[in-house]
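All of these numbers come straight from a predicted model, not from anything done at the bench. We count ligands from 1, going down the list as the structure has it; atoms in each ligand are counted the same way. Because only heavy atoms are used, hydrogens play no part in the values below, and waters and symmetry mates are left out as well, while side chains stay in.
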Amino acid sequence: MPDLAVYPGTFDPITNGHVDLIQRGLKIFDRIIVAVAKNPGKKPLFTLEERAEMLRMALKDIPGVTIDTFDGLLMDYCKKVQARVVLRGLRAVTDFEYEFQMAMMNRRLEPEVETVFLMTGLKWVFLSSSILKEAAVHGGDIQEMVPPFVYQMLRKKFGLPPKD
Ligand code: COA
């Protein structure tokens, strides 16, 4: 088993669901590069640098994790960092078709790289970054769902005062 995996995503922003998946991934891989995709097509709320900074803050105490950013094809990025595994999370059946298509396309592009799926923690199966932002913008209590730094960043982005 290779010791390195790349965990790619938009992370707009990182949630506790992502953190949980990274922690579980570290039981299999010694090192995980969390690779933030620029992904302008998704019109992210946070800039690439803000998303990377939130990841750095959220994951700073977890050994074996590196944060990086990339633009362009994920398979090109994997070649660049010499990774042969991509780690992805599955939350529900609805994720499957999209993930399946993406894994197949990536395999076509680079047969040497395998995609490994882990099931998202049960507590977070309902969570997505979009649904989180939707709740946050209307003042919903999302504090339990994101790392503390991300919570403050979301409040700032939506023009709300900092809160303990
Ligand atoms: N807990 C909570 N939420 C989770 C989660 C977990 N464990 N796993 C995924 N999600 C959520 C994300 O927050 C995100 O929510 P959103 O859609 O509301 O923003 C959603 O599930 C899926 O997003 P994410 O995991 O961030 O991936 P993505 O689909 O935005 O990004 C890339 C996919 C970046 C990996 C993909 O677009 C990519 O590789 N792009 C580069 C170009 C390329 O090579 N494409 C592939 C070949 S065609």
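Other residues, nucleotides and ligands contribute more than 12 heavy atoms inside 6.0 Å of the CG atom of L73. With a 6.0 Å radius and a threshold of 12 heavy atoms from other residues, nucleotides or ligands, K38 has its NZ atom at or below the threshold. For R155, the CZ atom is densely surrounded, since the number of other residues' heavy atoms within 6.0 Å is greater than 12. F100 CZ: 12 or fewer foreign heavy atoms inside a 6.0 Å radius.
Proximity of T15 to ligand 1 is established by a heavy-atom distance of less than 4.0 Å. Heavy-atom distances between G72 and ligand 1 reach below 4.0 Å in at least one pair. Put simply, no part of Y77 is less than 4.0 Å from ligand 1, judged by heavy atoms. Heavy-atom separations between S129 and ligand 1 include at least one value shorter than 4.0 Å.
The atoms of ligand 1 that sit less than 4.0 Å from any heavy atom of L73 are 43 (C), 44 (O). Each of the following atoms of ligand 1 lies closer than 4.0 Å to a heavy atom of G17: 1 (N), 2 (C), 6 (C), 7 (N). Each of the following atoms of ligand 1 lies closer than 4.0 Å to a heavy atom of M105: 47 (C), 48 (S). Taking a cut-off of under 4.0 Å to the non-hydrogen atoms of F11, the atoms of ligand 1 that pass are 26 (O). Set against the non-hydrogen atoms of P8, the atoms of ligand 1 under 4.0 Å away are 35 (C).
When side chains are defined from C-beta on, M145 counts as touching L127, because their heavy atoms get closer than 4.5 Å. Between I14 and V150, some side-chain heavy-atom pair lies under the 4.5 Å cut-off.
Tracing side-chain contacts under 4.5 Å through hydrophobic residues (I, L, V, M, F, W, Y), one reaches L118 starting from L55; they form part of the same cluster.
Looking at Y77 and D68, their side chains do bring a donor and an acceptor atom within 3.5 Å of each other.
For atom 40 (N) of ligand 1, no protein non-hydrogen atom is found at a distance below 4.0 Å. Within a 4.0 Å radius of atom 27 (O) of ligand 1, the protein contributes at least one heavy atom. Inside a 4.0 Å radius of atom 4 (C) of ligand 1 there is at least one protein heavy atom.
Residue contacts with ligand 1: L74 is placed with a nitrogen or oxygen under 3.5 Å of a nitrogen or oxygen of the ligand (distance criterion only). Considering backbone and side-chain N/O of I131, none are found under 3.5 Å from N/O of ligand 1.
Taking a cutoff of 4.0 Å between a charged side-chain nitrogen and a carboxylate oxygen, D76 and K80 do not qualify as a salt bridge. In this structure, R91 does not pair ionically with E99, as no charged nitrogen and carboxylate oxygen lie closer than 4.0 Å.
Heavy-atom proximity to atom 22 (C) of ligand 1, evaluated over M75, K42, M119, is greatest for K42. Closest to atom 11 (C) of ligand 1 by heavy atom, among R108, R91, R24, is R91.
Counting heavy atoms closer than 4.0 Å to ligand 1, residue A37 contributes side-chain atoms (C-beta onward) but none from N, CA, C or O.
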Quiz: residues 39-46 side-chain donor-acceptor pairs under 3.5 angstrom, not counting sequence neighbours:
| residue | atom | partner | partner atom | Å |
| --- | --- | --- | --- | --- |
| N39 | ND2 | T10 | OG1 | 2.8 |

